[in-house]
Asker: 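Dropping the structure in here first, questions after.
Treat the numbers as computed from the prediction; the structure is a model and nothing was measured.
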Number of protein chains: 2
Amino acid sequence: MVQYSSAALDASFAALSDATRRGILERLGRAESSVSALADAFDMTLTGMKKHIGVLEQAGLVTTEKVGRVRTCRLGGRGLMAEAAWIEGLQQLWEARFDALDDIVEELKRKEQ
Amino acid sequence: MVQYSSAALDASFAALSDATRRGILERLGRAESSVSALADAFDMTLTGMKKHIGVLEQAGLVTTEKVGRVRTCRLGGRGLMAEAAWIEGLQQLWEARFDALDDIVEELKRKEQ
DNA sequence: GCTATACTGAACCATATGGTTCAGTGTTAG
DNA sequence: CTAACACTGAACCATATGGTTCAGTATAGC
């Protein structure tokens, strides 16, 4: 099994824990955007938006490129594979537990008869 | 499409952004546990662990039940469906964009000939 | 060249987070 | 009944977060 960097998951889940940042990701999923356009769309100062972009970039969820005086933001290449995989892993553990519980219940039923 | 409560996603992603809490979830995925046992396993004071459990409980990822003097923690019934769905939704947007880009590239190629 | 635009960085603020200690309360075991 | 145990809550601490303003720097357009 792949070993995920704990710090990387820390950063990406933390990045996802803010509604504004999730909104930014959804928006970038439809079209790339400058920092100003995002600041405008989310009714926030440019500086504030830049901080959010910084967090998303740090987490590897967004990449940016500055051309002239405008910085363009796009969804990062990494995607959310690691995060999705972690969640799925937990869900499998969880379901395995339920299955085990089912077995026990079955066992008890059989003994009752 | 289902409308997720923004606040619920805030809480659950924030809960997942801490390595200790992810560890707790993995552990509870294998077996239920008392608060003391968790505190011991993660080398932390009982009070500190209780805070983590509180965060996880608030996020709906863990449920607890107190019997006598011991509080038992289990994975919450809600699972991580909403979080997985949100991530998947974004990934679909993301892939759709790549597909669109592919179409454009195809178009350009055709015009070149 | 001058002005408006787009971003950057520093400083500040209020609140949240992750941890601790200490002082309880209620429960169990002997 | 008493001692140990499992938890609870309040108070405290350092650091992080989400936002702001203000003062820059660099580029674009007239």
Asker: Please confirm whether the backbone N or O of B:A41 pairs with a side-chain atom of B:R27, one donor and one acceptor, at under 3.5 Å?
Answerer: no

Asker: Please enumerate all protein N or O atoms sitting under 3.5 Å from an N or O of nucleotides 10-15 of chain C, with distances to 0.1 Å.
Answerer:
none

Asker: From CG of A:D43 over to P of D:dT20, roughly how many Å is that when rounded to an integer?
Answerer: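 A:D43 atom CG is separated from D:dT20 atom P by 8 Å.
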
Asker: Could you go through residues 58-71 of chain A and list every donor-acceptor pair under 3.5 Å that involves a side-chain atom there, pairing it with any protein atom two or more places apart or in another chain?
Answerer:
residue	atom	partner	partner atom	Å
A:T64	OG1	A:E57	OE2	2.9
A:T64	OG1	A:R71	NH1	2.9
A:E65	OE1	A:R74	NH1	3.3
A:E65	OE1	A:R74	NH2	3.4

Asker: Any side-chain donor paired with an acceptor under 3.5 Å for B:W86 and A:E26?
Answerer: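 Yes, A:E26 and B:W86 have a side-chain donor paired with an acceptor closer than 3.5 Å.
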
Asker: Assess, by modelled atom type and distance only, whether the side chains of B:S12 and B:E83 contain a donor and an acceptor separated by less than 3.5 Å.
Answerer: yes

Asker: Specify the separation, in whole Å, of atom NZ of A:K50 and atom C1' of D:dA23.
Answerer: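 Whole-Å distance recorded here is 15 Å.
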
Asker: Check for me, please, whether B:L93 and A:I24 land in the same ILVMFWY cluster - side-chain distances under 4.5 Å, paths through other members count.
Answerer: yes

Asker: When you measure from the side chain of B:R21 to the backbone of B:L16, do you find a donor-acceptor pair of N or O atoms at a distance under 3.5 Å?
Answerer: no

Asker: Can you measure A:D40 atom CG to C:dA6 atom P for me and round it to whole angstrom units?
Answerer: 10 Å

Asker: Counting only heavy atoms and a strict 4.0 angstrom limit, can you tell me which residues of residues 11-33 of chain B come near DNA chain C?
Answerer: B:D18, B:R21

Asker: A:K66 NZ to C:dA6 C1': how many Å, rounded?
Answerer: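 Going from NZ in A:K66 over to C1' in C:dA6 covers 7 Å.
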
Asker: Which residue is it: B:L28, B:L25, B:L75? I am looking for the one with a side chain to side chain contact (heavy atoms under 4.5 Å, CB included) to B:L56.
Answerer: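 That would be B:L25; it is the only one of B:L28, B:L25, B:L75 passing the side chain to side chain contact (heavy atoms under 4.5 Å, CB included) with B:L56.
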
Asker: Find the distance B:F42:CZ to C:dG18:C1' and express it as a whole number of Å.
Answerer: 15 Å

Asker: Do B:R22 and A:S6 pass the side-chain hydrogen bond (donor to acceptor under 3.5 Å, both in side chains) test, and can you show the C-alpha distance, the side-chain angles, and the key distance before you say yes or no?
Answerer: CA-CA 9 Å; B:R22 288 196 305 276; A:S6 184; 3.3 Å; yes

Asker: Under 4.0 Å from any atom of DNA chain D, heavy atoms only: list the residues of residues 52-61 of chain A that qualify, in numerical order.
Answerer: A:H52

Asker: Please say yes or no: joined through hydrophobic side-chain contacts below 4.5 Å, possibly via intermediate residues, are B:I87 and A:W94 part of one cluster?
Answerer: yes

Asker: List the steps, then state whether side-chain contact (heavy atoms from CB on, under 4.5 Å) holds for A:C73 with A:V35.
Answerer: CA-CA 7 Å; A:C73 311; A:V35 183; 4.0 Å; yes

Asker: Classify the ring geometry between A:F13 and B:F13 as parallel (under 30°), tilted (30 to 60°) or perpendicular (over 60°).
Answerer: parallel

Asker: Taking CG from A:L46 and P from D:dC22, how many angstroms apart are they, rounded to a whole number?
Answerer: 15 Å

Asker: Starting at atom CG of B:D10, determine the distance to atom C1' of D:dT17, rounded to an integer number of angstrom.
Answerer: 13 Å

Asker: Using the test side chain to side chain donor-acceptor pair (under 3.5 Å), find all partners of B:E88 that sit at least two apart in sequence or belong to another chain.
Answerer: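 Side chain to side chain donor-acceptor pair (under 3.5 Å) list for B:E88, sorted by chain: empty.
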
Asker: Show the distances under 3.5 angstrom between N or O atoms of the protein and N or O atoms of nucleotides 25-27 of chain C.
Answerer:
residue	atom	partner	partner atom	Å
C:dT27	O2	B:R69	NH1	3.2

Asker: Atom CZ of A:R71 to atom C1' of C:dT8: distance rounded to whole Å?
Answerer: 9 Å

Asker: List the atom of A:S33, the atom of A:L38, and the distance in Å for their closest heavy-atom pair.
Answerer: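 Result for this residue pair: OG-CG, 3.4 Å.
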
